[in-house]
Amino acid sequence: MYNRGQNFANLLLGPEGYADAFLTGIARNPGSEDIIRKVADLANIDSYTIFDRHGKEVFRSKSERYGWLLRDKSGGVSTGDKLSPSIIAKTGFWQVVHDDGATNPSVIMPLIRNGKAIGYLSIVSDMIAERDHYEKTLARTYALIILIVIVATCVPFMLYQRRRRKIDEADARIQFLADHDNLTHLLNRRRMQELCDQLLFKIRATREEIAYLYVDLDDISEINDHYGQSRGDEVLRIVARRLSAGLAADDLAARIGPDDFAIIRRRIKDRREVVTLARAMHEAVSEAIEIDGQIVTPKISIGCAIAPHHGRSHSELVKHAEIAHFHHKGDSAKDLVFFKAEMDEAMHRRREIEARIKHAMDADGFELFYQPLVKGRDGTLVGFEALIRLRDEAGNLISPTEFIPIAEARGYIKAIGSWVIREATRQVAEWPEPLFVSVNLSAVQFEDGDLVEIIVNALKTAGLSGDRLEVEVVESLLLERSEMILDQLTTLKQLGISIDMDDFGTGYSSLGYLWRFPFDKLKIDQSFMRALDNGERNVKEIVATIITLAHQMKMKVTTEGVETEEQATFLASLGCDQLQGYFFGKPRPASETTEHFLVGHRGTDRFGDPLEIGSSERRIA
C-alpha cells in the first residue's frame, strides 16, 4: 500500500497537473479524470479521495455509502468528509496505512510540492486478489518450510534410525557369533562355560542339582573321510538340531569340540529324568540320514556328571562327564553312563598311556616281541608272530589290551601298524630261511587302500620274498568292508604272502568267509585250550572238526594258547600243522629271540632242548 499510494501520488503531482485539476476543478486536459480512473483500475485502486491542504474533501472517485446507487460517477462525489486535525498537523512526508484484515486496506498521505503540502490523498486498494495470492503463497511457503524442516530433520533422523538399527543388528550378529558356534548355531564352549559358572554360583544358594551331559558323535571322522568334509558338517548340523529339538526351554546346548556337544539340564530331582533325556536324544539322533544315495545312521555316546556331587566348577564337570562318556563307548547298551569316582583313576591311566603312545611314535619307542611257532608233528621251529609292546616311564610293559584300543580311538593305529610291518620284515630278513614272520592287521590299515603299497615297500626295503610274511586278519574286519578288504587281501596273496584268519571259532559267520576267500591258514583261538583244560564238553570234537575242515579246504591250522604238554600232544594227534603258546616260548625281544631260539639253528632242528626237563619252554616228542 505504501508503494501503491506513493506511485499514485507521483502520478497526480506529475507535470500533467492532475492534482491541480482535482484541487481547483480546472483541468488542462478534459480527459484527465478518465485517465486517472483508468490508471487506478489498472493499479487495482478501488477508490481514491483528494483533500485540500485544509483537509477538506474535494474529490472522491466513488461513494462507499451510496455506491450501490451511484456506482462510479463522472466528476466524482463529495461527501463533505474532512481530515482530522491530528492528520493535518503532521509535517513532512508521511503515510498512514489502515488494514483491518477484512476489508480493502487504505493509505493516506500528503501531496507535497516544493516542500509544502498542497493537499492530501487517500486511496482504497482492491487487494482481495493480492491478499488471496499472498495468503496462498504464504501457505505454500509455510508448507514448503515445514516440508524442508521435515526433510531436514526427519530424513536424517530416519537415516540415523536406520543406521542405528543396522549397527544394532551388526552388534547383535557379532554378539551371536561371539557366543555361538558358527556351524551348528549352538552355544560355543566359552559361552557355555560362562553360563555354567553362573548356574554353579546360583545353586550354592538354591541347593538344586544340574546335569552336565557330554555327548560325542561317533564315527564322524569316517563320514568325513568317506563323503567329504562338507557332508560331515551337514551331519553335525542335523545332529545339533535333533539334540536341541528335545530340550526344555531353560536347558542349555553347546558344541564344545569338533564332534562333541554339551547339554545342561537344571533342577534335577531324579536321575531317571536324565536317563529319559538321554534315551530321547539317542532315538532322535539315530534316525537315518541319506548322503549321496547312501544311508548313514549317526550314533552318540553320552557321559553325565551331576553338580554339585561330581564337581563344583565347569572344568570339573566337563572332565568327569567326558570320563563317563569314554566308559559309555565301551558299554553302548546303556543310554548313558554317570560319572563315578573310580573312573577318574582309569582316565588318568588312559591319559598316561596316550602320552606314552605319542612319545613312542615320536621317539621310536615301540618294541616288537616275537613268539615262536612250531610244527605240530615234531616241534620244528617254523617262524614267529610279531607282537607289539610299549613300556611305561619306569620301563614296565603296558598290556596291548590297554594301549591298542587307545591308539585305535586316537587314530594312531595305522601309523603303528605300518611301523610293525616295516620292523618285522626288516628283522626276519636277518634270520635264516625259511623262517617267516606273522603280523596282525587292523581294519584301519585297509581304509585308505594303500596297505598293499606299504607291504610291498617294506618287503623291497628288507630284501624279503612274500613267502616269508604272513598277515593275520580277524573275522570282524571282513564283516565291516568285505569287498574292499577282500580285494586287497587277494592282491597280497598274489604276492606269495600267506593270509591267515585269526581267532577262528569265536565269531558267528566264519564259515561263510572260508569259501568267499581262500585263506591259507586258520588260527584256532586260545579260548579253546582254556576250555580244554577246564574239561568243558565237546571241545575236543569241535577242535578236531575245525582242523579236519581246514585240511579239506587245503588250509593249514595254527592253534594258539598251547601251555601244557597234554594240549600239544592232543593237537599233534589231530594233525594240527602249527602250535603257538607259552609251552614253546613266551614273546621275547628280537635280541633275546636270536640268542634263545636261533643260535646254531638249522632248518631240520627240533624245537628246544630235550635235556631241559624243568624248562617252561618245551618241545613236543
Is any side-chain heavy atom of [X] less than 4.5 Å from a side-chain heavy atom of [Y]?
X    : Y    : result
L236 : R255 : yes
L492 : V452 : yes
K358 : Y412 : yes
K556 : D520 : no

Q | Stacked cation flag K329 on F326, 6.0 angstrom / 45 deg | A | no
Q | Ion pair check, D181 and R189, cut-off under 4.0 Å | A | no
(Q) Among residues at least two apart in sequence or on other chains, which ones pass side chain to side chain donor-acceptor pair (under 3.5 Å) with D251? (A) R265
Q: Name all residues meeting the side chain to side chain donor-acceptor pair (under 3.5 Å) criterion together with D533; count only those two or more places apart in sequence or in a different chain, and write none if there are none.
A: Q567
Q) Measuring from L277:CG to H282:NE2, what's the distance to the nearest 0.5 Å? A) 10.0 Å
(Q) For I497 versus L469, what's the shortest heavy-atom pair and its separation? (A) CG2-O, 3.3 Å
Q) How close do A254 and L186 get, heavy atom to heavy atom, and via which atoms? A) CA-CB, 4.0 Å
Show me the donor-acceptor pairs, under 3.5 Å and distance only, between side chains in residues 395-408 and residues at least two apart or in other chains.
{"from": "S399", "atom 1": "OG", "to": "T401", "atom 2": "N", "distance (Å)": "3.2"}
{"from": "S399", "atom 1": "OG", "to": "T401", "atom 2": "OG1", "distance (Å)": "2.6"}
{"from": "E402", "atom 1": "OE1", "to": "R349", "atom 2": "NH2", "distance (Å)": "3.2"}
{"from": "E402", "atom 1": "OE2", "to": "R349", "atom 2": "NE", "distance (Å)": "3.2"}

Q.
Going by salt bridge (charged side-chain N to carboxylate O under 4.0 Å, His left out), name the pairs with one or both residues in residues 387-401, residues two or more places apart or in two chains.
A. E367-R391
Q: Would you please name every residue forming a side chain to side chain contact (heavy atoms under 4.5 Å, CB included) with T206, sequence neighbours left out?
A: I203, E208
Q: Could you list all the side chain to side chain donor-acceptor pair (under 3.5 Å) pairs where at least one residue sits in residues 436-446, not counting sequence neighbours?
A: E385-N440, S438-E472
**Q.** Donor on one side chain, acceptor on other, Y370 and Q427, under 3.5 Å
**A.** no
